[in-house]
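The structure under discussion appears below in the form of structure tokens.
Whatever order the structure lists ligands and atoms in, that order sets their numbers, starting from 1. Residues: numbered from 1 along the sequence shown.
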Amino acid sequence: MDAHRTELNAYDPTIAAAIAGEERRQADGVEMIPSENYTYPEVLAALGSVLTNKYSEGYPGRRYYGGQEYTDAIETVARDRATALFRAEHANVQPLSGSPMNQACYFGLLNPGDTILAMDLSHGGHLTHGAPVSHMGKVFNFVRYKSAPDRQGAIDFDALLAQAKEVKPRMVLCGYSSYPRDYDYAAFKRVADEVGALTMADIAHIGGLVAADVMRNPFDAGFDVVTTTTHKTLRGPRGGMILCKKTFAQKIDSSVFPGLQGGPHMNNVAGAAITLKKAAEQDFRDYAVQTLRNAKALAAALMAEGVTLITGGTDNHLMVMDTVASFDLDGRAAEETLDRIFITTNKQVIPDDPRPPLRPSGIRLGTPACTTRGMDEADMTRIGGWIVQALRRHDDPLAIERLAETVRDFCRGFAVPGVSNI
Ligand code: DSN
């Protein structure tokens, strides 16, 4: 890797400097975007390997190009590790990322125009769960359900059943990108069974926490299909996986290829295989437990200062702060203020947000990345304090400058996996 870096420095100093800058940025700050993480050095090695040169359309033993003895072995190992880890009957490890992975499920299992019952975006759902701006929202008839933020994000399953009886969905979908609680998959399954619908869970955010068995696994409730990205709590390369019952395996596989994609990115598939091996180890389980502890500690530190968290806390790795209610600052201003003190978050809509997505009412915070660097509950309490001070004193440049120095000094005590020369 270092030899390649030297070549890059000499050949394209512009790109080399940008990569070095990003390494510095990732080391200097507290990464609190809940969908981000630091992957393993072993995964970085696979990503930067000659596997990127190879076309492998098809599946192990059934490829459209020659020269597949090593790629077949890699994909088979990745699939076997995925099924074992998630207690799934079948795995497709080729989706290039989260959006195509969900798209492949809809097209593989449904017909255009079919109804899907899915969580409202502002309540925690994802763009690919039928937001009107996504292509998926134009092809399928998504009907949205909501949670009750004032009752710890509870989902009213009697209301959901009544809604399902009315709209007759072909699929009931649960999963999220900003919902700070766990799901009652068995209750979703009962609703789906009553109306003869398929069940799909998008666990992209919590894939690592489910793999480590510290959050519920939808397959334990009999779900049909489960999707996850590999780069969030799983700590792997960018990519997606579809896990399903055997009865859907052929439909899912042909929907991914040739339905939606061409050649899989075998360097990413190798990275996913390594990630899945790591995820089966005790160290990873400890990491998952600590991620949840850290989220609880951060939420407690913020709420102790009077901060409003949507649903009143968290049961997973993320939380959504109402920055308007807490600090009279919109989410963009809050995000920009925290950027100035090297704490990276993202602006976030809150349930039924009256504000637009680029100036929403909140921010989203998560603990997967800082837990990877070794930060613990005491660190979360410190970070919570810095966040509150910065948002309270956002228009005091001197206070912000002092906090920035404090956060940067603090971060230098924690290594970034795969970055040795900072
Ligand atoms: N961008 C991811 C997230 O931040 O949740 C999901 O697409």
Side-chain angles (χ1 to χ4, degrees), residues 26 29-39 95-106 116 118-137 142 144 147 153 173-183 200-210 215 226-242 260-261 268 272 275 291 295 298 309-311 314-321 323 331-332 334-335 338-339 343-351 353 357-358 360-372:
Q26 291 192 14
V30 180
E31 181 53 72
M32 296 230 108
I33 294 174
S35 48
E36 295 193 10
N37 214 327
Y38 303 97
T39 196
L96 303 179
S97 205
S99 295
M101 123 198 132
N102 285 344
Q103 198 171 330
C105 292
Y106 306 148
I116 304 174
M119 192 179 237
D120 187 274
L121 180 72
S122 76
H123 283 245
H126 186 249
L127 273 176
T128 57
H129 301 175
V133 290
S134 111
H135 291 323
M136 293 303 91
F142 282 88
R144 279 166 270 285
S147 63
L173 170 61
C174 64
Y176 46 77
S177 63
S178 61
Y179 183 65
R181 300 292 176 182
D182 203 356
Y183 274 142
M200 171 171 159
D202 174 352
I203 60 165
H205 259 263
I206 55 166
L209 305 174
V210 173
M215 288 189 71
V226 176
T227 57
T228 183
T229 49
T230 45
H231 49 277
K232 297 188 175 88
T233 44
L234 263 173
R235 277 167 70 174
R238 305 198 82 78
M241 291 194 304
I242 303 173
L260 184 66
Q261 297 183 173
N268 284 63
T275 300
T291 299
L298 180 62
L309 295 184
I310 301 301
T311 81
T314 178
D315 291 329
N316 56 32
H317 64 299
L318 69 82
M319 61 212 74
V320 177
M321 180 195 292
T323 53
R332 179 169 142 192
E335 177 194 296
L338 295 175
D339 267 344
I343 295 180
T344 313
T345 64
N346 69 273
K347 59 182 101 40
Q348 175 67 46
V349 288
I350 64 170
D353 203 327
L358 285 173
S361 300
I363 56 171
R364 193 178 60 152
L365 302 156
T367 53
C370 51
T371 307
T372 298

- Measure the acute angle between the ring planes of His126 and His129, then classify it against the limits of 30° and 60° as parallel, tilted or perpendicular.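 Rings of His126 and His129: perpendicular, as their planes differ by over 60°.
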
- Query: Any idea how Tyr106 and Phe142 line up, ring-wise: parallel (<30°), tilted (30 to 60°), or perpendicular (>60°)?
  - Reply: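 Judged by the thresholds at 30° and 60°, the geometry between Tyr106 and Phe142 is perpendicular.
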
- Query: With side chains defined as the heavy atoms from C-beta onward, is the minimum distance between Tyr176 and Ile206 less than 4.5 Å?
  - Reply: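 With C-beta onward as the side chain, the pair touches.
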
- Task: Take Arg332 and Leu358 through the test side chain to side chain contact (heavy atoms under 4.5 Å, CB included) and record every step on the way to the result.
- Result: CA-CA 7 Å; Arg332 179 169 142 192; Leu358 285 173; 5.6 Å; no

Please tabulate, line by line, the atom pairs linking an N/O of ligand 1 to a protein N/O at a distance below 3.5 Å, with the distance in Å to 0.1, or answer 'none'.
{"residue": "ligand 1", "atom": "4 (O)", "partner": "Ser35", "partner atom": "OG", "Å": "2.6"}
{"residue": "ligand 1", "atom": "4 (O)", "partner": "Arg364", "partner atom": "NH2", "Å": "2.7"}
{"residue": "ligand 1", "atom": "5 (O)", "partner": "His205", "partner atom": "NE2", "Å": "2.7"}
{"residue": "ligand 1", "atom": "5 (O)", "partner": "Arg364", "partner atom": "NH1", "Å": "3.0"}
{"residue": "ligand 1", "atom": "7 (O)", "partner": "His126", "partner atom": "NE2", "Å": "2.6"}

- Query: side-chain contact (heavy atoms from CB on, under 4.5 Å) with Ile33: which of Leu365, Leu318, Ile363, Asn346?
  - Reply: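 In the set Leu365, Leu318, Ile363, Asn346, the residue that makes a side-chain contact (heavy atoms from CB on, under 4.5 Å) with Ile33 is Asn346.
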
- Message: More than 12 heavy atoms of other residues, nucleotides or ligands under 6.0 Å from CZ of Arg238: yes or no?
- Response: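 Atom CZ in Arg238 is not crowded, with 12 or fewer foreign heavy atoms closer than 6.0 Å.
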
